[in-house]
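Here is the structure we will look at, set down as structure tokens.
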Amino acid sequence: MTAVLPSRPAVERPTGGRLIDQFEYGLDAPICLTWELTYACNLACVHCLSSSGRRDPRELSTAEAEAVIDELQRMQVFYVNVGGGEPTVRPDFWHLLDYAIGHDVGVKFSTNGVKLDKVRAAQLARTDYVDVQISLDGATAEVNDRVRGAGSFATATKALENLAEAGMKDFKVSVVVTRENAGQLDEFKALTDSYGAQLRITRLRPSGRGADVWEQLHPTMAQQKDLYSWLLANGEHVLTGDSFFHLSAFGEALPGLNLCGAGRVVCLIDPVGDVYACPFAIHEDFLAGNVRSPGGFQQVWQQSELFADLRNPQTGGACTKCQHFDSCRGGCMAAKFFTGLPLDGPDPECVQGYGESALAARDTELVTPRSHLDHSHTGPVRGQPTLLGMPAIPPAKICDESPLAGLQLG
Amino acid sequence: MTSPAPASSTTDAAVTDPSVFDPELPWQRARSVALRPEPFGALVYHFGTRKLSFLKSKTLVRVVETLADHPTATAALLACEVPEAQRPTYVRALADLARSQMIETRT
């Protein structure tokens, strides 16, 4: 592992005090574990944080996935956030869902809705201890499909309709806030309410393919300010995965955990069993181990050197001298890393403006770190996102569009 | 867009009633609640409500775990040697846990 972390002298955990200070020193097991079941995905979203598309031949088998669930049960990890890729395209997805629930590991899974027909929606509505999040990155098809691909809005809203009709409770609409949809927060709320669902909004990270579009899509400073005010007014009814804690430096702390939880209270298990500090940090520098190695996930979580390093509070760096450090704690580690900023400096979206100056001061020769993994589709995909100006893919056979399409008669 | 579903929001009286905790009654950790020991105390998870909470001291963990062995919550506090001066804090913590259904009365 490359030494990327700012020096953090090992310090003894204090007794008592605030929970957030305790969390900095890590927990015996994660609170919030993300498990990406496959890199395969039917979509090719421009901002995919895991650069998903094609399945990896080394992905965990059904038996290996069951063994991970057994271990999570032993460690009392009470629920996992399952994602991908598109997790539901794994043929054993529904089996693993039942297996986890049967072993006291609740499942919250994120999907683009491609497999949520009426039958699956009814099945989910009958299942206790499962939560569904449908991803939608625009409150209108126009805004959504530009980043998620043509037809993806229709797929997602059809799935929402099926879930609502089946009587599913507490399902979520999950939105990544971008420059293009930041003005649609009220519309998202109304759309979500219309299905009896709950809105969840999270932050765009420059991770995976997100790095390619981050400059173009990350909210402007004015949008960040509006988002902050909106969260203060609506925060009680909107979930955020505590992902906007960097906005707390505007003044008032936002509800939730205002702390980078990477390797401390959260981590990621990727489809091949690799354990990373957080879902937004799929990079060798944040790779702590693999669940297939002796000692399994528990060994990685409790013994990895990387995680031990992350579990010491940051004591140095420019940010610790800032009067807002206690509210934002320096922001998101992954956002800094993938924009080429030092990890003990400001977040690229620092609301005090230090991020912008840090970005501007980067060496012009600087090559920002890239993940060693890329499972992106190599050929064109049906419903290609148009954000990058790529042409829509023509129908595979002329008859896909119209029986007479392309025919030169006469 | 079609077919909006009615929003579901059932309000449980026990969750909103602030007078839900009486330390002179017999209590226990709720049956659908699990405790996970942590260096600072414990993590509490309710499988029904899917709510997560934290016990911020090891003494409080002991209190919650032994509630079921005592005729009243007050007796459990005494048995766990919670200093008199800290008792109101512990009663408040237990009241919070009762409100979030992490502990329940025994019958």
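Chain letters run A, B, ... following the sequence lines, proteins first and then strands; every chain starts at 1.
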With no hydrogens and no angle check, is any side-chain donor or acceptor of A:Trp301 less than 3.5 Å from a backbone partner on A:Phe307?
no

Under 4.5 Å heavy-atom distance to chain B, tell me which part of A:Tyr79 shows up: side chain, backbone, both or neither.
side chain

Could you look at A:Ala29 and say if it's the side chain, the backbone, both or neither that has a heavy atom under 4.5 Å from chain B?
both

Quick check: does any side chain N or O of A:Glu165 sit under 3.5 Å from a backbone N or O of A:Lys118, one acting as donor and the other as acceptor?
no

Distance-only, no hydrogens or angles: does the A:Arg264 side chain make a donor-acceptor pair with backbone N or O of A:Tyr25 under 3.5 Å?
no

So, the part of A:Leu160 with a heavy atom under 4.5 Å from chain B: the answer is neither

Side chain / backbone / both / neither for A:Gln76 at chain B, heavy atoms under 4.5 Å:
both

Can you tell whether the side chains of A:Lys172 and A:Asp131 come within less than 4.0 Å, N to carboxylate O?
yes

Report, in residue-number order, which members of residues 42-72 of chain B are under 4.5 Å from chain A by heavy-atom distance.
B:Leu43, B:Tyr45, B:Phe47, B:Arg50, B:Leu52, B:Phe54, B:Lys56

Donor-acceptor pair, side chain of A:Arg13 and main chain of A:Gly26, under 3.5 angstrom:
yes

So does B:Asp96 pair up with B:Arg92, basic N to acidic O under 4.0 Å?
no

If only atom types and distance count, is the side chain of B:Gln28 paired as donor or acceptor with the main-chain N or O of B:Glu104 below 3.5 Å?
no

Would you call A:Arg329-A:Asp21 a salt bridge at under 4.0 Å N-O?
yes

